[in-house]
Amino acid sequence: MGVFQDSEDKKVVMAYIAVCILWGSTYLAIKIGVSAFPPMLFAGIRFLVAGTIMLIYAKIKGHRSPNTFKEVRNISIVGMFLLLGGNGIIVWVEQWMHSGFASLIVATVPLFMAIIDLAINGSKSINAKGWIGLLIGFGGVAVLVLSNTGTGAIDIKGAVLVLIAAFSWALGSVYSKGINPVSSTITQIGIQMVSGG
């Protein structure tokens, strides 16, 4: 009998591997990018180009576009929180902060999302076990980061800025759940990237 029971198992494993490689290398790629370009120029060009390609692809494939200015505005606000606030600050901070520490601190996003959702929407979607898991995860990140503060590899200013970036990403994620756009996901991603860029 093979390792995978069916094609769905294989898809799950391949998706996990892709996330580990692509997501895990993001912060290293940012570190390399800011060594060659000014940080905001690097991030801006990256998202403008990617967003334009996404919108052209969506148009060619006939994906649904927003039908009101309000929808474009709301999708753009999400892009501003996620890409300008969340990613933009991280790109700027990685001029001096180690990419590994930045990626560790960004792991606080789920905790921020839960807190914001609770504060704004009064959401009860996370039970006691969920909160315990989030707090343990946050504690683990804190231990990993604080155990290296004496090495000179991280500084308080950088850590605070990355926490602000994580909060911005979480705020955009929670906000996006309430806008109910009619456009396709690909079109929304393109608009978010262009607005963030």
Side-chain angles (χ1 to χ4, degrees), residues 16 18-54 74-120 133-177 188-197:
Y16 177 75
V19 167
C20 288
I21 293 170
L22 299 175
W23 186 269
S25 62
T26 298
Y27 298 94
L28 177 60
I30 291 170
K31 187 72 172 176
I32 294 168
V34 297
S35 67
F37 296 96
M40 293 299 110
L41 178 65
F42 167 70
I45 289 173
R46 172 186 171 199
F47 289 123
L48 284 172
V49 170
T52 301
I53 291 170
M54 292 290 283
N74 289 340
I75 296 168
S76 297
I77 290 170
V78 173
M80 299 292 272
F81 278 125
L82 297 181
L83 304 175
L84 177 62
N87 193 270
I89 293 171
I90 290 170
V91 170
W92 184 57
V93 170
E94 281 204 33
Q95 293 177 98
W96 71 86
M97 178 182 269
H98 190 278
S99 62
F101 291 119
S103 65
L104 279 174
I105 297 171
V106 169
T108 60
V109 167
L111 180 61
F112 281 135
M113 284 180 65
I115 292 168
I116 293 167
D117 201 27
L118 180 64
I120 293 175
L134 285 170
L135 292 172
I136 289 171
F138 182 76
V141 170
V143 168
L144 287 169
V145 171
L146 295 174
S147 66
N148 288 285
T149 54
T151 66
I154 189 172
D155 60 73
I156 298 301
K157 176 186 170 187
V160 168
L161 287 169
V162 175
L163 282 171
I164 291 170
F167 183 80
S168 179
W169 190 280
L171 197 58
S173 298
V174 172
Y175 178 81
S176 71
K177 294 195 297 186
Q188 292 172 50
I189 292 168
I191 294 169
Q192 288 171 13
M193 287 184 167
V194 169
S195 67

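Just the heavy atoms: all of them, side chains too, but no hydrogens, waters or symmetry mates, feed the values below. Because the structure is a prediction, the values reported are computed rather than measured.
Closest approach of Ala170 and Val109 over heavy atoms only: CB-O, 3.8 Å. The two atoms that bring Ile90 and Ala165 nearest to each other are CG1-CB, 3.7 Å, heavy atoms only. The two residues Lys177 and Asp117 have their closest heavy-atom pair at NZ-OD2, 3.4 Å.
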Next item on the list: Please assess Ile89 against Val162 for the test side chain to side chain contact (heavy atoms under 4.5 Å, CB included), listing each intermediate value before the final yes or no.
Entry: CA-CA 7 Å; Ile89 293 171; Val162 175; 5.8 Å; no
Check: How far apart are the C-alpha atoms of Ser168 and Leu82, what are their side-chain angles, what is the distance that settles it, and do they pass the side chain to side chain contact (heavy atoms under 4.5 Å, CB included) test?
Finding: CA-CA 6 Å; Ser168 179; Leu82 297 181; over 6 Å; no
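Summarising the geometry, atom CD1 belonging to Ile164 is positioned 12.5 Å from atom CG belonging to Leu171; distances are rounded to the nearest 0.5 Å. Put simply, CG on Leu111 and CD1 on Ile136 are 12.0 Å apart, with the number rounded to the nearest 0.5 Å.
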Below 3.5 Å, can you tabulate the donor-acceptor pairs from side chains in residues 28-52 to any protein atom, sequence neighbours excluded?
from, atom 1, to, atom 2, distance (Å)
Lys31, NZ, Glu94, O, 2.8
Lys31, NZ, Met97, O, 3.0
Ser35, OG, Ile32, O, 2.5
Thr52, OG1, Leu48, O, 2.7

Show me, pair by pair, the donor-acceptor contacts under 3.5 angstrom made by side chains of residues 189-197, not counting sequence neighbours?
from, atom 1, to, atom 2, distance (Å)
Ser195, OG, Ser76, O, 3.2
Ser195, OG, Ile191, O, 3.2
Ser195, OG, Gln192, O, 3.0

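Contact check for Trp169 versus Leu83: side-chain heavy atoms found under the 4.5 Å cut-off. Side-chain contact between Trp96 and Lys157: present, with at least one pair of heavy atoms (C-beta onward) separated by less than 4.5 Å.
Residues meeting the ring pair (Phe, Tyr, Trp, His ring centres under 6.0 Å) test with Phe112, sequence neighbours left out: Phe167.
Pairs passing the side chain to side chain donor-acceptor pair (under 3.5 Å) check and including a residue from residues 79-88, sequence neighbours excluded, do not occur.
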